[in-house]
Amino acid sequence: MALFKLLLTLLLFLSTSTLSVILLQYTIANKEYIFDREEIAKLAKQYAGQDHEQAFSKVVVELRKRYPGHILPDEDLQWVFVNAGGWMGSMCLLHASLTEYLLLFGTAVDTGGHSGRYWAEISDTVISGTFRQWKEGTTKSEVYYPGDFIVHSVGEATSVQWSAGTWMVEYGRGFIPSTLGFALADTLFSTQDFVTLFYTLRVYVKALMLETTTQLTEAGVL
């Protein structure tokens, strides 16, 4: 009797988990997103090869014109360290929700490691420097330069390497919370830099609050 209950519980758990994964995959594939991947890449590519700080300023101004209410104001923009997969970089979050994020990313030093594996698609457009990627199942890496566009598909894992002075515009869509475990693991269990953890969570909450307010306003609730 006890064994039957255990098997029934296990079957129920597996069925619920499978249904949840299928529902999540369906939602990711069919959801109407705010941002267009190709449009973000085209915008960023216009400023590839320029000084990255000037390029980023122009990108942010243009994004605010195209997506009013969806980009954090200047007072909430902050460069925050990211330690993940053995590499160290810095990000400036522009937009975040449960299904999308948009940020500026890069590094001032040579760094590299594991890309992470997510229930989200991540795309990058290189503004300056070089980005090297070694895909799972292959024996050769590829190098990307300013203006190049790279897509990290759902469930994909790669080895990544950035040269010093590499800066990019990054857009992710899918189940964004699935990226947080990887993004915060090194901070929690390696560097134990809880100030950076606070900065990261604070700006993510601010972005969620902005997006919620904008969505309610557009729906006529506010």
Side-chain angles (χ1 to χ4, degrees), residues 21 24-25 28-29 33 35 37-38 40-41 44-45 48 52 56 59 79-193 196-197 199-201 203-204 207:
V21 170
L24 182 60
Q25 290 177 331
I28 291 174
Y33 293 96
F35 300 93
R37 186 183 74 180
E38 281 67 32
I40 297 297
K45 192 173 182 178
H52 69 275
F56 284 160
V59 167
W79 283 99
V80 180
F81 278 139
V82 182
N83 288 90
W87 49 262
M88 183 173 184
S90 186
M91 71 162 186
C92 180
L93 189 66
L94 305 178
H95 167 92
S97 67
L98 295 178
T99 55
E100 290 179 280
Y101 75 78
L102 182 60
L103 55 79
L104 311 175
F105 175 81
T107 176
V109 299
D110 295 332
T111 190
H114 194 287
S115 67
R117 197 188 297 269
Y118 321 108
W119 277 345
E121 177 193 87
I122 298 172
S123 57
D124 291 277
T125 304
V126 182
I127 297 296
S128 65
T130 57
F131 171 59
R132 182 182 292 272
Q133 184 183 66
W134 174 24
K135 291 191 175 183
E136 182 179 27
T138 69
T139 59
K140 294 183 179 180
S141 64
E142 296 181 71
V143 183
Y144 299 92
Y145 301 94
D148 285 343
F149 177 62
I150 310 102
V151 177
H152 184 95
S153 301
V154 175
E156 184 178 15
T158 70
S159 174
V160 290
Q161 184 182 66
W162 298 271
S163 63
T166 299
W167 299 95
M168 322 165 79
V169 177
E170 180 169 297
Y171 169 61
R173 63 165 54 176
F175 185 53
I176 302 308
S178 72
T179 68
L180 293 179
F182 174 79
L184 299 177
D186 280 7
T187 299
L188 287 170
F189 302 110
S190 178
T191 66
Q192 296 187 352
D193 182 359
T196 291
L197 176 62
Y199 289 154
T200 303
L201 295 177
V203 72
Y204 186 50

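What you see is a predicted model; the values in this text were computed from it and never measured.
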Roughly how far apart are Tyr144 OH and Asp124 CG, rounded to 0.5 Å?
10.5 Å
Using the side chain to side chain donor-acceptor pair (under 3.5 Å) criterion, which residues pair with Ser153? Sequence neighbours excluded.
none
With Trp79 via ring-ring contact (aromatic ring centres under 6.0 Å, His included) - residues at least two apart:
Phe56, Trp167
Side chains of Pro177 and Leu98: closer than 4.5 Å at any heavy-atom pair?
yes
Are side-chain heavy atoms of Val126 and Ile150 found at a separation under 4.5 Å?
yes
Do Thr158 side-chain atoms and Val160 backbone N/O form a donor-acceptor pair below 3.5 Å?
no
Among pairs that include at least one residue of residues 87-117, which meet ring-ring contact (aromatic ring centres under 6.0 Å, His included), considering only residues two or more places apart or in two chains?
Phe35-His95, Trp87-Phe105, Trp87-Trp162, Phe105-Trp162
Nearest heavy-atom approach of Val82 to Met91 is CG2-CG, 3.7 Å
Across all chains, not counting sequence neighbours, the salt bridge (charged side-chain N to carboxylate O under 4.0 Å, His left out) partners of Glu170 are none
Identify, with sequence neighbours excluded, every residue that meets side-chain contact (heavy atoms from CB on, under 4.5 Å) alongside Ala41.
Thr125, Phe149
Contacts of Gln133 that satisfy side chain to side chain donor-acceptor pair (under 3.5 Å) - sequence neighbours left out
none
Out of curiosity, Thr107 OG1 to Met168 CE, how far, rounded to the nearest 0.5 Å?
11.5 Å
Would you list the atom pairs, donor with acceptor, under 3.5 Å between side chains in residues 184-191 and any protein atom, with sequence neighbours excluded?
unit_1 : atom_1 : unit_2 : atom_2 : d
Asp186 : OD2    : Gly85  : N      : 3.3
Asp186 : OD2    : Gly86  : N      : 3.2
Thr191 : OG1    : Asp193 : N      : 3.3

Sequence-distant partners of Glu156, salt bridge (charged side-chain N to carboxylate O under 4.0 Å, His left out), two or more places apart:
Lys135
Provide the closest heavy-atom pair for Pro146 versus Gly129 in the form atom of the first, atom of the second, distance.
CD-O, 3.2 Å
Between Asp110 and Ala164 (side chain of the first, backbone of the second, donor and acceptor by atom type, cut-off under 3.5 Å), is there such a pair?
yes
Once you round to the nearest 0.5 Å, how far does CD of Gln192 lie from CG of Asn83?
12.0 Å
From Arg173, His152, Arg37, residue fulfilling side chain to side chain donor-acceptor pair (under 3.5 Å) relative to Glu121
Arg37
Quick one: CG on Asp148 to CD1 on Ile127, what's the gap to the nearest 0.5 Å?
11.0 Å
State which residues pass ring-ring contact (aromatic ring centres under 6.0 Å, His included) with Tyr145; sequence neighbours excluded, sorted by chain then number.
none
With sequence neighbours left out, write down each residue that passes salt bridge (charged side-chain N to carboxylate O under 4.0 Å, His left out) with Arg117, or none if nothing qualifies.
Glu136
If you round to the nearest 0.5 Å, how far is CD of Glu38 from OH of Tyr171?
10.0 Å
Atom pair CZ (Phe131) and OG1 (Thr166), whose distance is rounded to the nearest 0.5 Å
9.5 Å
